[in-house]
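We count ligands from 1, going down the list as the structure has it; atoms in each ligand are counted the same way.
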Amino acid sequence: MGYRPETRSDNSDQTSKAYQQNYQKDQRAATYNAKYRDRWTKRISTWREFHLLDRMLRNQGRVKVLLDLPCGGGRLSPPMAHFTDLLIEADVAVGQLRYGRVHGQVSTRQVWMSASGFHIPLRDASIDGTVCVRLTHHLLTEAEQERLVRELLRVSKRFLIMSFFDYYSPKNTLRRLRRPFNRKPSKSTMKVRELQRLAQDCGATLVECPALFLISSGHRYALMVKDKA
Ligand SMILES: C[S@@+](CC[C@H](N)C(=O)[O-])C[C@H]1O[C@@H](n2cnc3c(N)ncnc32)[C@H](O)[C@@H]1O
């Protein structure tokens, strides 16, 4: 990953604009996607993510329209394809979208859309569900994380599945304890209770937060289901 946040703060002047530029070029996008294809550790992670998505989406039942944002090069499109008639693949980076159109074709109908997660060009509750994997931990501030989650829940009629890096995960706890000695930058994390509050504020309920791996990863998936009106 070319860009890493050096510090984590709540200064709302800070934004993650630099990260949005990372995969605009085809070559950068290809390198990112090759890493997930070629490294065995990444392949294990993708296998586990396929499994989690398959289970969570199956529980929601088949839908008409699902939004995959950010879609990257379409790494996670296969498990989504089984549960929707139309998959909208959205990303801020044109390089990723171009990569996905060539390498990320799946068995269901797909459209590719260039869009920022902060301004999704869709009406309120216009799609059934959204999947947002591996974006929140690249955002620099809590304000940006919150803005993204609110926007994803705005466009979703029924549910949101998203990943986050858990503040209280063993991996992050160890990192925090070591920090005074190795001065490694802190990670951009979220807390389960923050997500519970955010979901509630947007008329949804946080239903579950399974960990990707208990010890070796700090990432968790979160399922938020919109409350019935
Ligand atoms: C780590 S990749 C994850 C891609 C995919 N979800 C996956 O798990 O393979 C993060 C992606 O977020 C995209 N991105 C960064 N900022 C974004 C934003 N504000 N809105 C939409 N996409 C963004 C990047 O271009 C990149 O493709």
Side-chain angles (χ1 to χ4, degrees), residues 1-5 12 14-39 41-54 56-57 66-81 87-104 106 110 112-122 127 129-156 160-165 187-188 212-213 217-222:
M1 197 77 53
Y3 174 76
R4 273 181 83 198
S12 51
Q14 260 189 312
T15 68
S16 304
K17 283 208 174 103
Y19 182 63
Q20 294 177 30
Q21 296 308 313
N22 244 14
Y23 306 110
Q24 298 293 349
K25 297 256 164 32
D26 291 2
Q27 187 51 51
R28 292 292 300 274
T31 305
Y32 170 84
N33 290 291
K35 193 173 70 182
Y36 270 90
R37 189 190 55 226
D38 299 340
R39 291 193 193 162
T41 48
K42 300 280 185 197
R43 284 206 301 272
I44 291 175
S45 182
T46 297
W47 169 82
R48 168 72 177 146
E49 289 177 82
F50 271 36
H51 186 74
L52 276 177
L53 279 174
D54 183 82
M56 289 170 132
L57 289 168
L66 195 62
L67 172 66
D68 175 13
L69 182 155
C71 60
R75 180 176 72 97
L76 300 173
S77 306
M80 296 185 218
L87 183 57
I88 303 179
E89 307 274 23
D91 200 288
V92 82
V94 176
Q96 291 281 45
L97 293 167
R98 273 203 287 254
Y99 185 95
R101 281 192 73 141
V102 176
H103 300 94
V106 289
Q110 286 164 290
W112 284 266
M113 173 172 89
S114 157
S116 162
F118 299 125
H119 305 278
I120 306 174
L122 295 171
I127 48 166
T130 300
V131 176
C132 177
V133 175
R134 293 182 187 265
L135 180 52
T136 60
H137 71 290
H138 288 296
L139 302 180
L140 291 179
T141 65
E142 273 180 35
E144 280 190 328
Q145 290 174 327
E146 179 165 335
R147 193 168 148 206
L148 174 72
V149 175
R150 285 182 184 280
E151 185 66 355
L152 297 167
L153 281 168
R154 180 187 68 76
V155 298
S156 307
L160 164 64
I161 295 171
M162 57 169 276
S163 74
F164 66 102
F165 200 86
K187 281 271 197 188
S188 206
L212 205 54
F213 299 102
S217 167
H219 290 280
R220 279 179 181 275
Y221 271 41

Which atoms of ligand 1 sit under 4.0 Å from any heavy atom of G117?
18 (C), 19 (N), 20 (N), 21 (C)
For G72, take its heavy atoms, then give the atoms of ligand 1 lying under 4.0 Å from any of them.
4 (C), 27 (O)
Please work out which of the three classes, parallel, tilted or perpendicular, describes the rings of Y32 and Y36, given edges at 30° and 60°.
tilted
With a 4.0 Å cut-off on heavy atoms, is Y36 touching ligand 1?
no
For ligand 1, indicate whether the residue E49 contacts it via side chain, backbone, both or neither (heavy-atom separation under 4.0 Å).
neither
Atoms in ligand 1 with a heavy atom of Q96 nearer than 4.0 Å:
26 (C), 27 (O)
Backbone, side chain, both or neither: what part of V92 comes under 4.0 angstrom of ligand 1, heavy atoms only?
both
Subset of ligand 1 atoms that lie under 4.0 Å from at least one heavy atom of L135:
12 (O), 14 (N), 15 (C), 16 (N), 17 (C)
Side chains of E89 and S77: donor-acceptor distance under 3.5 Å anywhere?
yes
Distance only, no hydrogens: is a donor on one side chain within 3.5 Å (strictly under) of an acceptor on the other, for E49 and S45?
yes
Give a yes or no answer on whether the side chain of R220 reaches the backbone of F165 with a donor-acceptor pair at less than 3.5 Å.
no
Should you measure from each heavy atom of H138, which atoms of ligand 1 turn up under 4.0 Å away?
1 (C)
Tell me, do L97 and C71 make a side-chain contact under 4.5 Å, heavy atoms counted?
yes
Any heavy-atom pair between the side chains of M113 and P121 that's under 4.5 Å?
yes
With a 4.0 Å cut-off on heavy atoms, is L76 touching ligand 1?
yes
Could you check whether any heavy atom of C132 sits closer than 4.0 Å to an atom of ligand 1, since that is the contact criterion I want to use?
no
Electrostatic pair E144:R147 at N-O distance under 4.0 angstrom:
no
For ligand 1, is there an N or O atom under 3.5 Å from any N or O atom of Y19?
no
Under 4.0 Å from a heavy atom of F118: which atoms of ligand 1 are those, numbered in the order shown and with their elements?
19 (N)
Heavy-atom neighbours of R101 CZ exceed 12 at 6.0 Å
no
Check whether S188 reaches the backbone of L139 with its side chain - one donor and one acceptor, N or O, closer than 3.5 Å.
yes
Which atoms of ligand 1 are found less than 4.0 Å from any heavy atom of P70?
4 (C), 5 (C), 6 (N), 11 (C), 12 (O), 13 (C), 22 (N)
Does Q24 have a heavy atom less than 4.0 Å from any atom of ligand 1?
no
